[in-house]
There are 2 protein chains.
Amino acid sequence: MVPRGPRMYLVNQFTSGSRPVKRIADSTVRRLSAYLRFLEDFEHRGLATISSDELARRGGTTSAQVRKDLSFFGSFGKRGLGYSVPELAGRLREILGLGRDWRVIIVGTGKIGAALARHHGFRQRGFMIVAAYDNDPAIVGADLDGLTVRDISRLESDVRREHPDIAVLAVPEEAAQPVAQRLVKAGIKAILNFAPAQLQVPADVTVKTVNMAMELEGLSFALTNRE
Amino acid sequence: MVPRGPRMYLVNQFTSGSRPVKRIADSTVRRLSAYLRFLEDFEHRGLATISSDELARRGGTTSAQVRKDLSFFGSFGKRGLGYSVPELAGRLREILGLGRDWRVIIVGTGKIGAALARHHGFRQRGFMIVAAYDNDPAIVGADLDGLTVRDISRLESDVRREHPDIAVLAVPEEAAQPVAQRLVKAGIKAILNFAPAQLQVPADVTVKTVNMAMELEGLSFALTNRE
DNA sequence: GCCTGTGAAGCAATTCACAGCT
DNA sequence: AGCTGTGAATTGCTTCACAGGC
């Protein structure tokens, strides 16, 4: 029934002038993220240039795909030479919005939420965990690597005052939708959801769901259905 | 360069006779997994039938998509009525290979690996965690909810003796590829990878990667590129 | 009348292939 | 000669629309 448009994004700020607006597929964004990772590796090793073919090999895709992905945003390479590693890395950071810090809150500090709160890898990429929430009085007040777990009753007032950009949702399945609604109402526009639930949110809110049960079932399917 | 076929699966056991083999897209399998979750909810609530339209609403897709997804595997519904909830749930479990238990090992018991090892939700769906490994002598021997962390040097011999089906890879980025290679060499055919790395494995090994940095960057992109 | 199952149509993503710059 | 950038061709996923059974 309900017709759905593909989940894509405007990139009008990249298309100069008044040309028709471009839309970027999710899969493209994921690959850009992967390319950036490889470029950072190359940067560390002091390499100056890289070809679409090398990026493709590292990313498990094709050189044509790499060039097409980049072409949505501009022409960053030199024919006959390839791409300047630092320049392309910079462009990708800009495209992905990594030129600034993002304020992240974690909602639900059970096993997964707590592990995420303690994970320092996010900070390095500009995702600053600024608060963590739980509804269990036994957990509220606890310390998570310098972060004090707050009572979830403060969620709305905190969000309105501290305007975090991204909420990581790590609550039990049955709490996921109600908490998501509270987050949206308080003004959150981006949610990383670890609950095995399909969240219903307004179109201007972006949700990425990480569903480990689903991934395991995908592996089960693959193991079961092989020639 | 390297041309890639789409990552799909044979389902010849579902297509009777010698008709040309069907291939199932990843996105379809993910949706089947979601449908099963909703069906289990309906089962608990004692509902007997469900229409493709109701499944679609819960799954954020369309009724045509639901029917098309199911049609790859057979005709499970009744025209004018819908689908029998228990029957369709059973069929989906069969299709997804959930009619049996799967033996899962966890490699790397840092924050994420340990949280996964302690997570009981997997067991309920037939994913039994049978061993956990680490290379840190300070962690080896520790107890994770009844599971003793083993020394990773035992990995190959254990895998060959205990033939686990799925390995969850939760090691640091730089260790991901070497450990994946060890797993593959020992005979593992399915890997759930939590390391932010693009694993290179033979075609008969299935890898699902859960990359939180990539998801966060997808949110960053969405927040940055809005009209 | 209601809802499934499915070819056909439509649309989006990937791959091809080559012109054009270095 | 080497490698990018990009229209065109292709592939494959999604949606339409309707015949067919309940």
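A note on names: the letters A, B, ... follow the listed sequences, proteins ahead of strands, and every chain is numbered from 1.
With D:dA17, C:dT22, D:dT14 as the choices, the nucleotide that has an atom nearest any side-chain atom of B:Arg31 turns out to be D:dT14. Residue B:Lys68 places its side chain closer to C:dA8 than to any other of C:dA8, C:dT22, D:dT6.
At a cut-off of 3.5 angstrom, counting only N and O atoms as typed in the model, there is no donor on one side facing an acceptor on the other between the side-chain of A:Arg79 and the base of C:dT22.
Near DNA chain D, defined here as any heavy-atom distance below 4.0 Å, there are no residues from residues 39-46 of chain A.
Using a 4.0 Å cut-off, no side-chain N or O of B:Gln65 falls inside it from OP1 or OP2 of D:dC13. For A:Tyr83 and D:dG5, the shortest distance from a side-chain N or O to OP1 or OP2 is below 4.0 Å. Put simply, B:Thr28 has no side-chain N or O that comes within less than 4.0 Å of OP1 or OP2 on D:dG12. When the side-chain nitrogen and oxygen atoms of B:Thr62 are compared with OP1 and OP2 of D:dT15, one or more of them lie within a distance under 4.0 Å. The shortest distance between the side-chain N/O atoms of B:Ser52 and the OP1/OP2 oxygens of C:dC3 is not below 4.0 Å.
Between the CG atom of B:Asp69 and the P atom of C:dT6 there is a distance of 13 Å, rounded to whole Å. We find that CZ of B:Phe72 is positioned 11 Å from P of C:dG7, with the value rounded to whole Å. At whole-Å resolution of the value, CG in B:Leu70 and P in D:dT14 are 14 Å apart. Residue B:Asp26 contributes atom CG, which lies 14 Å from atom C1' of D:dG12 at whole-angstrom precision. Atom NZ in A:Lys78 sits roughly 10 Å away from atom P in D:dG5 (whole-Å rounding). What separates CD1 of B:Ile24 from P of D:dT14 is a distance of 11 Å, to the nearest Å. As a whole-Å value, the separation of A:Leu55 CG from D:dC3 C1' is 13 Å. Separating the CG atom of A:Asp53 from the P atom of D:dG2 is a distance of 13 Å, rounded to the nearest angstrom.
A donor-acceptor pair under 3.5 Å is formed between the side chain of B:Gln177 and the backbone N or O of B:Gln200. For B:Asp165 (side chain) and B:Arg103 (main-chain N/O), a donor-acceptor pair under 3.5 Å exists by modelled atom type. Side chain of A:Ser220 to backbone of B:Leu96: a donor-acceptor contact under 3.5 angstrom is found.
Annotation: of the two residues near DNA chain D, B:Arg67 and A:Gly82, the 5′-most nearest-nucleotide partner is A:Gly82.
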*Apply side-chain contact (heavy atoms from CB on, under 4.5 Å) to the pair B:Ile112 and B:Met212, showing each step before the final yes or no.*
CA-CA 11 Å; B:Ile112 294 162; B:Met212 286 169 284; 3.8 Å; yes

*Should B:Glu54 and B:Arg58 be marked as a salt bridge (Lys or Arg N to Asp or Glu O under 4.0 Å) after you check the CA-CA gap, both sets of side-chain angles, and the distance that decides it?*
CA-CA 6 Å; B:Glu54 288 170 280; B:Arg58 292 282 305 261; over 6 Å; no

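Counting non-hydrogen atoms of other residues, nucleotides and ligands closer than 6.0 Å to NZ of A:Lys78 gives a total of 12 or fewer.
No hydrogens or angles considered: a donor-acceptor pair under 3.5 Å links the side chains of B:Gln65 and B:Asp69.
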